[in-house]
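Order of listing sets the numbers, starting from 1, for every ligand and every atom in it. All figures in this text were calculated on a predicted structure; none of them were measured in a lab.
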Amino acid sequence: MLLSLYLQKRQFPLYPVKSPLPPNLKLQSKSGQIRPLTLPQDLYDPLIDYKSNIDSHTLPLKCSKPAAYVTTHSLYLSCNPNPLTPPPMAPIDPHSFTDSSHPLATHISLSLYFDFSSSTILASALLSLSSPHSGPISLDARSLSISAVLNPQTLSPLPFSLSSTTDPVKGQSLTVSLSNLSQFLIVFSTSPSSSALQWLSPPQTFGKTFPFVYTQCQAIHARSIFPCQDTPAARIRYSARLNVPRQLAAVMAARHVDRRPPASGEAVMACDDAIWCGEGRVVEEFVMEQSIPPYLFAFAVGEIGSREVGPRTRVYAEAAGEVLDAASREFAGTDEMIRVGERLFGAYEWERFDLLVLPPSFPYGGMENPRMVFLTPTVIKGDASGGQVVAHELAHSWTGNLITNKTNDHFWLNEGFTTYAERRIVEAVQGEDIAALNIGIGWRGLVEEMERFKDNMEFTKLKTNQEGVDPDDVYSQVPYEKGFQFLWRIERQIGRPAFDEFLKKYIATFKFQSIDTDMFLNFLKANVPGIENEIDLELWTEGTGIPSDAMEPVSNIYAKIVSLANEFKLGRMPREDEVADWRGQEWELYLENLPKSVEASQLSALDACYRLAESKDYEVKVAFLQLAISSGCRDHHSEVERTLKEVGRMKYLRPLYTALVQGSGKEEEKIFAKRIFLEARDCYHPIAQGVVESILSKHL
Ligand code: BES
Ligand code: ZN
């Protein structure tokens, strides 16, 4: 049997091989020649020919002392009668209690009863392993009440323990003890503080009549909905039955199977049969047949309607109000983007690409939930610029959802690749100038992050060490923009045609796998021989700061905007004829290129001319308001307050709250920020509440 093997210099000598080594196999070269691995030299060579028809799924390491023989071309396995030594227990992800010596669940079947009156879900989860297991298995949990763990066949209880302490980052571990079982059933409920869920009361919705609830699981919030091995290294398939009030509809990032009356016996212990089958309830059934990392689990329940916008795309949103009409106009070009994506990156593997526009409190611009991307309504601006966010989330269908970062330490593999892929789609659909503007805005963002992390340079690296760190706290543009710059640098080195071919092959090779930075680098070195002599790969992935071979975009329009911004510093306002054809992104780039603090009178003059504080485009409005606050100009405080109360997208909350509370001599602003947060807090998603709380607590 042929297997792909990845040599990891970090884990050597205990773990030179990360692929499945069945008990009685050893390695031998293709040509029949055998040579022992010479260490450490071999580890720095691109030893592996990834082309060689490899069965490349990665399974847990099974032996502590594999006999590995390697040629420069490929690896073969043959019999070795040595018995296995069980590997020691070890966490596989700094953000999870999942243990390397435990098997991974491959399927989860969920029964979820939505109780809007208490903002909780009464639930059960049937976890399946690929083979029977005896011994402990540890799962992640947060804000869950576990009432029982059962043998699903006999319904007899299984021993379990929920850690009595809660780790501030990881939450609690739920350890179940199995004896020769491949399935176990957990009966539990969520709590109103479950961090993945935002429960909106009727007055907080557009329609004002019905409640609404939705999820945001990335980075590590799936564990607050159901106990699971909440690491992207553990891919799962799932099925789900959502029991909801009849007036509401449920959508999921999964295939919709049925909407029907509840049936007796299918609650699977989630709640009493009588409650499950109560008056006025319906069951919506879904399946996700492709294996996904848990952070891609997603649903929304509410008064939701939809419109067809393409052959494989519908847009969903709250049925009341104008959102649906505006959204279907905004996203009319989606199928063209999917086709561009297919041409550049290979087949679209998820069948449908639907869009769900959420209430304004959605904490991100977009979230790449498979088959159904979640979007903030702030991307609907009436000028097709929401296309960039859609291009980004669509690009994740290849980079992120097909190939997934193994842990958040390698988050750049998701976002850097996706930012690169997004810009290729934007370039194809909207043209090179718009793509260059986006690269320029990204460049400014990257430069600013260097300032933010100047005392914590770890987070200016691509490959990070997030042990003990909450990924929400270190979320930044670095994985996006430095990751983009790294890939763009490789493109410049080898030329676009070769890079395009490389990308397609990378995706085809690793699809439906979770990988780390070293796996990418080994693949790069194997497929672009000598690349390590041209580009300092280690500096790019493990070094801090911006490498000197990174680059600002070259484009006339970009250069023009930057030079106008420089002239503003000398007191010259852009003339009307110079900005006549500017849309949001041009203004955004202009504002991002002004100094952090400018003359308040100059800002007022700019606003008097171009009304930036009241822009309908939140990117422009927030960039302007941030500048106004940090320039000590208080004219726009009422606009700041309105903005912080009408949207919950963290991209806007972070800079505005930070500008208000950062620095000295800001007593009035600090009191102002505290009051607004007190009043607006309940409207924010729990993740956003946490992020704002940590900004305020750092500075107050
Ligand atoms: N996957 C991210 C959002 C995310 C990242 C959620 C980390 C939780 C933890 C998504 O694809 C994203 O990057 N969204 C951007 C869109 C933008 C780059 C076009 C956003 O929300 O701003
Ligand atoms: Zn993304």
Pairwise, report which nitrogen or oxygen atoms of ligand 1 are under 3.5 angstrom from protein nitrogen or oxygen atoms, and how far apart they are.
residue	atom	partner	partner atom	Å
ligand 1	1 (N)	Gln218	OE1	2.7
ligand 1	1 (N)	Glu368	OE1	2.6
ligand 1	1 (N)	Glu368	OE2	3.2
ligand 1	1 (N)	Glu415	OE2	3.0
ligand 1	11 (O)	Glu368	OE1	2.9
ligand 1	11 (O)	His392	NE2	3.2
ligand 1	11 (O)	Glu393	OE1	2.7
ligand 1	11 (O)	Glu393	OE2	3.3
ligand 1	11 (O)	His396	NE2	2.9
ligand 1	13 (O)	His392	NE2	3.1
ligand 1	13 (O)	Glu415	OE1	3.4
ligand 1	13 (O)	Tyr480	OH	2.6
ligand 1	14 (N)	Gly366	O	3.2
ligand 1	14 (N)	Glu393	OE2	3.2
ligand 1	21 (O)	Gly365	N	2.6
ligand 1	21 (O)	Gly366	N	3.3
ligand 1	22 (O)	Arg649	NH2	3.3

Checking only N/O/S atoms, does Glu415 have one that is under 2.8 Å from the Zn ion (ligand 2)?
yes
Do you see a donor-acceptor pair shorter than 3.5 Å between the side chains of Gln198 and Tyr214?
yes
Let's go through Tyr480 and Glu422 carefully: what are the C-alpha distance in whole Å and the side-chain angles of both, what is the deciding distance for side chain to side chain donor-acceptor pair (under 3.5 Å) to 0.1 Å, and is it a yes or a no?
CA-CA 11 Å; Tyr480 292 75; Glu422 163 210 321; over 6 Å; no
Using the ring of Phe97 (Phe, Tyr or Trp, six-membered ring only), decide whether Lys170 places NZ or CZ under 6.0 Å from its centre and within 45 degrees of its axis.
yes
Parallel, tilted or perpendicular: which fits the ring planes of Tyr475 and Phe411, with parallel below 30° and perpendicular above 60°?
tilted
How far does OG1 of Thr460 sit from CZ of Arg452, to the nearest 0.5 angstrom?
11.5 Å
Would you call Lys454 and Glu448 a salt bridge, taking side-chain N to carboxylate O under 4.0 Å as the test?
no
